[in-house]
Amino acid sequence: MKGNPVILMVDDDEDDRRLFFEAAHEVSNSIRCLSAEDGEKALQLLHSGESPLPDYIFLDLNMPRINGKQCLEEIKKTQNLLHIPVIIFTTTRREEDVEETKRLGAVEFLTKPVLFEDICKAISYVISEDWKKN
């Protein structure tokens with residue numbers, strides 16, 4: 001894990017974002033969390049230069065305006081965002097979604113856990129992986 005990782009959580013469900021932030025803080029209080037409520041806001045944040053670029057992006061699929069797949073496509077088309085590991089973090093696990101998002105550049109597809117401890121485990125897993133080797 002990097003010293004002070006920055007995670008962008010993109011999800012239209014405010015409760016899910018809040019629970020994710022609590023879990024990230026539980027994993028390590030050095031994790032900085034940014035959030036966006038949909039793909040459009042995420043892309044604005046990533047292009048604004050107002051915040052540091054995240055080390056990881058957790059991306060929900062089903063969101064209004066720009067959904068997760070569209071957002072992932074835009075991220076992977078942008079030169080200075082290409083290197084950021086994108087983890088699909090959604091309620092479904094349709095095989096077509098897994099295959100399509102991997103093809104679009106996602107490094108991992110995780111079904112949102114229900115239990116707080118499992119959200120912590122998912123975050124720990126992601127920040128402990130060396131995605132640059134893949």
Side-chain angles (χ1 to χ4, degrees):
M1 173 175 83
K2 292 182 174 189
N4 298 308
V6 177
I7 297 175
L8 172 58
M9 169 51 145
V10 186
D11 195 317
D12 60 326
D13 186 311
E14 186 177 344
D15 291 336
D16 284 356
R17 289 193 312 267
R18 188 170 34 254
L19 193 60
F20 184 91
F21 293 167
E22 289 173 17
H25 186 73
E26 181 77 20
V27 169
S28 172
N29 58 12
S30 69
I31 296 173
R32 179 171 173 208
C33 289
L34 307 172
S35 72
E37 62 199 40
D38 59 48
E40 183 177 64
K41 295 256 187 336
L43 292 169
Q44 287 171 354
L45 177 77
L46 291 167
H47 292 301
S48 73
E50 293 172 15
S51 298
L53 286 177
D55 298 299
Y56 311 95
I57 299 172
F58 281 74
L59 185 59
D60 188 20
L61 289 182
N62 304 310
M63 297 180 290
R65 287 184 281 286
I66 295 177
N67 68 35
K69 289 178 189 174
Q70 294 165 320
C71 185
L72 175 60
E73 276 188 281
E74 289 303 312
I75 289 167
K76 294 305 175 182
K77 282 185 202 170
T78 307
Q79 192 59 42
N80 69 324
L81 304 177
L82 275 174
H83 70 284
I84 303 171
V86 177
I87 298 86
I88 302 303
F89 199 66
T90 192
T91 53
T92 62
R93 186 164 182 91
R94 291 184 32 227
E95 197 53 44
E96 308 84 53
D97 290 335
V98 175
E99 290 171 18
E100 184 179 4
T101 55
K102 292 277 180 116
R103 184 178 51 73
L104 292 172
V107 296
E108 189 63 74
F109 192 107
L110 301 175
T111 302
K112 282 184 196 174
V114 176
L115 299 175
F116 182 78
E117 300 78 36
D118 292 336
I119 298 171
C120 293
K121 286 178 191 171
I123 294 168
S124 293
Y125 162 71
V126 167
I127 64 175
S128 69
E129 287 294 305
D130 183 359
W131 300 106
K132 305 221 179 334
K133 288 192 291 191
N134 295 346

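Index from 1, following the sequence. Predicted model, so just to flag it, every value in this text is computed and none were measured.
Clustering ILVMFWY residues whenever any of their side-chain heavy atoms sit less than 4.5 angstrom apart, transitively, puts Val126 in a cluster other than the one holding Val86. Linking Ile, Leu, Val, Met, Phe, Trp and Tyr residues whenever their side-chain heavy atoms come within less than 4.5 Å places Leu110 and Phe21 in a single cluster.
Sequence neighbours left out, not one pair with a member in residues 32-51 passes ring-ring contact (aromatic ring centres under 6.0 Å, His included).
Contacts of Glu117 classified as salt bridge (charged side-chain N to carboxylate O under 4.0 Å, His left out), with partners at least two apart in sequence or in another chain: none. Shown here are the side-chain hydrogen bond (donor to acceptor under 3.5 Å, both in side chains) partners of Ser35, two or more places apart in sequence or in another chain: there are none. When the side-chain contact (heavy atoms from CB on, under 4.5 Å) test is applied to Glu73, the partners found at least two apart in sequence or on another chain are Leu104. For Lys121, the side-chain contact (heavy atoms from CB on, under 4.5 Å) partners are Asp118, not counting sequence neighbours. For Arg93, there are no salt bridge (charged side-chain N to carboxylate O under 4.0 Å, His left out) partners, not counting sequence neighbours. Scored by the side-chain hydrogen bond (donor to acceptor under 3.5 Å, both in side chains) test, Glu96 finds Arg94 as partners (sequence neighbours excluded). Partners of Leu45 under the side-chain contact (heavy atoms from CB on, under 4.5 Å) rule, at least two apart in sequence or in another chain, are Leu8, Leu34, Ser51. The side-chain hydrogen bond (donor to acceptor under 3.5 Å, both in side chains) test applied to Asn80 returns no partner, not counting sequence neighbours. A search for side-chain hydrogen bond (donor to acceptor under 3.5 Å, both in side chains) contacts involving Glu99 returns nothing, not counting sequence neighbours.
Of the listed residues (Phe109, Phe58, Tyr125), just one forms a ring pair (Phe, Tyr, Trp, His ring centres under 6.0 Å) with Phe89, and that residue is Phe58. A salt bridge (charged side-chain N to carboxylate O under 4.0 Å, His left out) with Asp11 holds for exactly one of Arg18, Lys112, Arg17; it is Lys112.
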Could you give me the CA-CA distance, side-chain angles and deciding distance for Ile31 and Ile127, then say whether side chain to side chain contact (heavy atoms under 4.5 Å, CB included) is met? CA-CA 10 Å; Ile31 296 173; Ile127 64 175; 3.8 Å; yes
Residue pair Asn62, Asp12: steps toward the side chain to side chain contact (heavy atoms under 4.5 Å, CB included) verdict: CA-CA 8 Å; Asn62 304 310; Asp12 60 326; 5.9 Å; no
Residues Asp60, Ile88; criterion side chain to side chain contact (heavy atoms under 4.5 Å, CB included); working and verdict: CA-CA 6 Å; Asp60 188 20; Ile88 302 303; over 6 Å; no
Walk me through whether Ile7 and Ile123 qualify under side chain to side chain contact (heavy atoms under 4.5 Å, CB included). CA-CA 10 Å; Ile7 297 175; Ile123 294 168; 4.2 Å; yes
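Closest non-hydrogen pair, Pro5 versus Asp55, comes out as CA-OD2, 3.2 Å. Among all heavy-atom pairs drawn from Leu81 and Lys76, the shortest one is O-NZ, 4.4 Å. Nearest heavy atoms, Asn4 versus Ser30: OD1-CB, 3.2 Å. Looking at every heavy atom in both residues, Met9 comes nearest to Asp16 through CE-O, 4.3 Å.
Under the 3.5 Å distance criterion, the side-chain polar atoms of Ser28 are left unmatched by any main-chain donor or acceptor of Ala24.
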Please set out all donor-acceptor pairs under 3.5 angstrom arising from side-chain atoms of residues 36-44, sequence neighbours excluded.
from, atom 1, to, atom 2, distance (Å)
Asp38, OD1, Glu40, N, 2.9
Asp38, OD1, Lys41, N, 2.8
Asp38, OD2, Arg65, NE, 2.8
Asp38, OD2, Arg65, NH2, 2.6
Glu40, OE1, Arg65, NE, 3.3

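Salt-bridge check for Lys69 with Asp97: passed, with a basic side-chain N closer than 4.0 Å to an acidic carboxylate O.
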